[in-house]
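Structure first, commentary second.
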Amino acid sequence: MVSVNSQALKIAGVTRDTPDPAGGVIVRDASGEPTGVLLEAAAQLVRAHLPAPPAIAEQRRLLLAQMAAHNALGITSVTEPGISPANYELYASLRQQLTVRAHLLLRVTSLADVETMVEAFPGKSGDDMLSLDGFKSYADGGVEGGYLYQPYQVIPGEQTNPGYRGTLRLPAGGEDELARMYVTAARHKFQFQTHVVGDAAFDIVVSALRKANDEIRLAPYRFALMHLFLPSHAGMKTMKRMGILATVQDHPVLLGDNMVKWWGRERAGRGIPVRDLIDAGLVVAGGTDAPVVPPSPLWSLGWMTTRKTLQDEILGAGQAITPAEALHLYTAGSAYTQFAEHSVGTLTPGKRADLVVLDGNPLTCRRDEIRDIKVQETMVDGRTVYSL
C-alpha cells in the first residue's frame with residue numbers, strides 16, 4: 001500500500017480512466033478520481049518511475065551497513081525472501097565480508113520463472129554463511145490486499161468498495177500453474193516459500209500444495225507458508241500431514257490498527273494465530289517482515305507473548321505464546337527453515353558460536369518488557385560483530 005501526491009500520479013499517467021491493474025487497486029473518490037492511494041500491484045504504476053538504483057559499489061556499502069544495523073539488534077541470520085539474480089550476485093561479491101548469515105530465496109511469479117531459475121541456478125549452492133536454495137512467490141496482498149472470503153470494511157478515502165475482498169496474485173494459470181511451480185521446484189530440490197495472508201488465498205495455496213504433493217513428496221524440501229494471517233484449522237492439518245512449515249512475523253505491532261480498520265476487530269484478533277499453529281503440530285519459525293515492519297527480534301518476541309500493538313492494544317490474547325516458545329520459534333524454528341539446524345539455532349557444542357548478550361532475560365522479565373530489552377553484544381561464528 002502506497003500513498004502518493006497528484007504530481008506522482010501525473011508523472012505515472014494515472015487518471016480516472018486508468019483501469020485497475022491485475023492484482024491491484026487504484027483507490028478513487030466518490031467522483032471517480034484517484035486519491036493517491038494505490039494497493040498492491042497498482043503501486044508498480046508509480047514505482048516504475050522511481051530513480052534508478054545507486055551504483056553497485058554503493059549498493060555493496062548499503063548492504064554491509066544494513067547488516068551492521070541488524071547485528072546491533074542481535075540478528076545473526078536472515079532469510080531474504082524474493083531477491084533477483086542481480087541481488088544474489090551482490091551478496092556473493094561480499095561473501096568474505098558478511099556479518100549476517102543469509103538464506104536467499106529467488107522471487108518467481110510464474111512456471112516460466114521457475115524453469116528459468118532452476119536452469120540458471122542448478123541445485124543448492126552456498127554454505128552456512130550464504131546460501132541460495134529456494135523460491136518465494138505471492139499468493140495475495142498484505143493487510144490491505146489479502147484475499148478474503150468476506151469483504152473488507154468500507155473506509156472513506158481509503159477503501160470505498162463494499163465488495164472488495166483483496167487481491168489474488170496467482171500466476172496466469174491460477175492454482176494449477178502454482179502447483180506446477182511447486183512440482184518443478186521440488187524436482188530440482190529447491191525450497192519454496194509462499195506469501196499468503198487472506199483465508200481464501202490460504203485455502204487456494206493449500207489446495208495447490210496438495211496437488212503438487214500428490215505428484216512428488218514436498219516434505220524433504222521444507223516448503224513453507226509465510227505470514228499465515230488467517231489459516232483454517234483444516235488447512236493447518238493438511239500442512240502438518242504434508243510437512244509444510246510455517247513462518248510468522250510481527251506485522252500487528254505496527255499494522256494492528258489497519259487490521260482492525262480494514263478487517264474488523266474479530267478478524268484482526270484472529271490474525272497470525274501463533275498458538276493455533278504450534279498446537280497443530282507445525283514446525284513454526286519466527287521473524288519480522290522488515291522493512292514492512294521494523295527488524296527488531298525483541299519487538300517480535302514481545303508481540304508473540306503479549307499480542308500487543310505499539311498502541312498497547314491486545315489483538316487475539318488467546319493466541320499469545322510463552323517466552324520459551326517464542327525463543328524456540330525465533331532460533332531453532334527459524335534455523336530449521338534455513339536447513340541450518342545442525343550448525344545454528346541452539347547453544348550446543350559443535351555448532352557455530354552465533355551469540356547475543358542481552359541486558360535482560362526474556363524468560364523471566366515481564367512479558368510487556370521484552371520489547372525494551374537492549375542488545376549488548378552480538379557474535380557471529382565466534383567473532384564480535386557488535387558491542388556497546
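Numbers for residues simply follow the sequence, beginning at 1.
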Next item on the list: Give a yes or no on whether a salt bridge exists between Arg275 and Asp279, defined as a side-chain N under 4.0 angstrom from a carboxylate O.
Entry: yes

Checklist line | Glu215 CD: over 12 foreign heavy atoms closer than 6.0 Å | finding: yes

Notebook entry, point to check: Looking only at heavy atoms, what is the nearest atom pair of Val248 and His227, with distance?
Noted result: CG1-O, 4.4 Å

Note to self: Distance alone, cut at 3.5 Å: any donor-acceptor contact between the side chains of Ser84 and Asn87?
What the structure shows: yes

Margin query: For Val375 versus Val356, what's the shortest heavy-atom pair and its separation?
Written below: CG1-CG1, 4.0 Å

Note to self: Surrounding NE2 of His233 (heavy atoms of other residues, nucleotides or ligands, distance under 6.0 Å), is the total greater than 12?
What the structure shows: no

Check: Got a sec, which residues hit ring-ring contact (aromatic ring centres under 6.0 Å, His included) with His103, two or more places apart in sequence or on another chain?
Finding: none

Note to self: What I'd like to find out is whether the side chain of Asp127 reaches to under 4.5 Å of the side chain of Arg95, using heavy atoms alone.
What the structure shows: yes

Next item on the list: Evaluate whether atom CG of Leu347 has more than 12 neighbouring non-hydrogen atoms of other residues, nucleotides or ligands under 6.0 angstrom away.
Entry: no

Check: What do you reckon, is CD of Glu119 surrounded by more than 12 foreign heavy atoms closer than 6.0 Å?
Finding: no

Notebook entry, point to check: Distance from Asp133 atom CG to Lys189 atom NZ, nearest 0.5 Å?
Noted result: 13.5 Å

Check: Looking at Thr378, Val385, Asn71, which one forms a side chain to side chain contact (heavy atoms under 4.5 Å, CB included) with Val100?
Finding: Asn71

Note to self: Any side-chain to backbone donor/acceptor pair from Thr348 onto Lys351? Under 3.5 Å, distance only.
What the structure shows: no

Check: If we ignore angles and hydrogens, is there a donor and acceptor under 3.5 Å between the side chains of Ser207 and Glu175?
Finding: yes

Note to self: Let me confirm one number: the CD1-CG distance from Ile204 to Leu209, rounded to the nearest 0.5 Å.
What the structure shows: 12.0 Å

Notebook entry, point to check: Which value, rounded to the nearest 0.5 Å, describes the distance between Leu178 atom CG and Met181 atom CE?
Noted result: 6.0 Å

Next item on the list: Measure the spacing between CD1 of Ile321 and CG of Asp276 and express it to the nearest 0.5 Å.
Entry: 11.5 Å

Checklist line | Salt-bridge present (Arg267, Asp199; N to O < 4.0 Å) | finding: no

Next item on the list: Give me the ring orientation class for Tyr164 and Trp262: parallel if the planes are under 30° apart, tilted from 30 to 60°, perpendicular past 60°.
Entry: perpendicular

Note to self: Could you tell me if the side chain of Ile75 sits less than 4.5 Å from the side chain of Met67, heavy atoms only?
What the structure shows: no

Next item on the list: Check Arg307, Arg265, Lys308 against Glu313 for a salt bridge (Lys or Arg N to Asp or Glu O under 4.0 Å) and give me the one that passes.
Entry: Arg265

Margin query: Do Leu363 and Ile373 land in one hydrophobic cluster if side-chain heavy atoms of ILVMFWY residues count as linked below 4.5 Å?
Written below: yes

Note to self: Using a 4.5 Å cut-off between side-chain heavy atoms of Ile, Leu, Val, Met, Phe, Trp and Tyr, which other residues end up in the same hydrophobic cluster as Val357?
What the structure shows: none

Check: Is Leu230 reachable from Leu315 through a run of hydrophobic residues whose side-chain heavy atoms are each under 4.5 Å from the next?
Finding: no

Check: Do Tyr221 side-chain atoms and His188 backbone N/O form a donor-acceptor pair below 3.5 Å?
Finding: no

Check: Measuring from Arg165:CZ to Tyr147:OH, what's the distance to the nearest 0.5 Å?
Finding: 4.0 Å

Check: Under the criterion ring pair (Phe, Tyr, Trp, His ring centres under 6.0 Å), which of Phe202, Tyr138, Phe229, Phe135 is the partner of His195?
Finding: Tyr138

Next item on the list: Check whether the ring centres of Phe121 and Phe190 lie less than 6.0 Å apart, and answer yes or no.
Entry: no

Checklist line | Atom pair CD1 (Ile278) and CE (Met236), whose distance is rounded to the nearest 0.5 Å | finding: 11.5 Å

Item checked: Non-hydrogen side-chain atoms of Asp381 and Arg101 separated by less than 4.5 Å -> yes

Next item on the list: Determine, using the 4.5 Å side-chain heavy-atom cutoff (strictly less than), whether Leu245 and Ile216 are members of one ILVMFWY cluster.
Entry: no

Checklist line | Residues Asp368, Arg366: salt bridge by 4.0 Å N-O rule | finding: yes

Note to self: Quick check: do Val108 and Phe192 have side-chain heavy atoms less than 4.5 Å from each other?
What the structure shows: yes

Next item on the list: State, yes or no, whether a side-chain contact exists between Ser131 and Phe339 at a heavy-atom distance under 4.5 Å.
Entry: no

Item checked: Salt-bridge present (Arg180, Glu115; N to O < 4.0 Å) -> no

Check: Which atom names give the shortest non-hydrogen contact between Ala246 and Leu228, and what distance separates them?
Finding: CB-CD1, 3.3 Å

Notebook entry, point to check: Do Asp20 and Leu39 come within less than 4.5 Å of each other through their side chains, counting heavy atoms only?
Noted result: no

Check: Have Tyr386 and Thr99 got a donor and an acceptor in their side chains that come within less than 3.5 Å?
Finding: no

Next item on the list: Determine the minimum heavy-atom distance between Met259 and Gly271, stating which atoms define it.
Entry: CE-CA, 4.1 Å

Notebook entry, point to check: With a 3.5 Å cut-off and no angle check, do the side chains of Ser31 and Glu33 form a donor-acceptor pair?
Noted result: no

Notebook entry, point to check: Is the closest basic N to carboxylate O distance between Lys136 and Glu80 below 4.0 Å?
Noted result: no

Checklist line | side chain to side chain contact (heavy atoms under 4.5 Å, CB included) assessment of Thr76 paired with Val344 | finding: CA-CA 10 Å; Thr76 60; Val344 298; over 6 Å; no

Notebook entry, point to check: Is the backbone N or O of Arg16 less than 3.5 Å from a side-chain atom of Arg28, with the two atoms forming a donor-acceptor pair by type?
Noted result: yes

Next item on the list: Assess whether side chain to side chain contact (heavy atoms under 4.5 Å, CB included) is satisfied between Arg383 and Val380, documenting all intermediate values.
Entry: CA-CA 5 Å; Arg383 179 170 65 96; Val380 174; 5.9 Å; no

Check: Does the side chain of Val2 come within less than 4.5 Å of Arg47's, by heavy atoms?
Finding: yes

Next item on the list: Please report the C-alpha distance between Trp263 and Leu148 in whole Å, then the side-chain angles of each, then the deciding distance to 0.1 Å, and finally whether the side chain to side chain contact (heavy atoms under 4.5 Å, CB included) criterion is met.
Entry: CA-CA 9 Å; Trp263 295 0; Leu148 305 177; 4.1 Å; yes

Next item on the list: For residues Leu329 and Met304, report the shortest heavy-atom separation together with the two atoms involved.
Entry: CD2-SD, 4.3 Å

Check: Heavy-atom count around Lys211 NZ within 6.0 Å, excluding the residue itself: above 12?
Finding: yes

Checklist line | Glu266 bridged to Arg270 by N-O distance under 4.0 Å | finding: yes

Next item on the list: Could you check Gln159 against Val27 for side chain to side chain contact (heavy atoms under 4.5 Å, CB included), going step by step and ending with a plain yes or no?
Entry: CA-CA 7 Å; Gln159 201 305 98; Val27 177; over 6 Å; no

Notebook entry, point to check: Side-chain contact, heavy-atom cut-off 4.5 Å: Leu45 with Ile26?
Noted result: yes

Next item on the list: Indicate yes or no for a side-chain donor-acceptor contact from Glu40 to the backbone of Gly142 under 3.5 Å, with no hydrogens or angles considered.
Entry: yes

Checklist line | Closest heavy-atom pair and its distance - Ala22, Ala41 | finding: O-CB, 3.3 Å

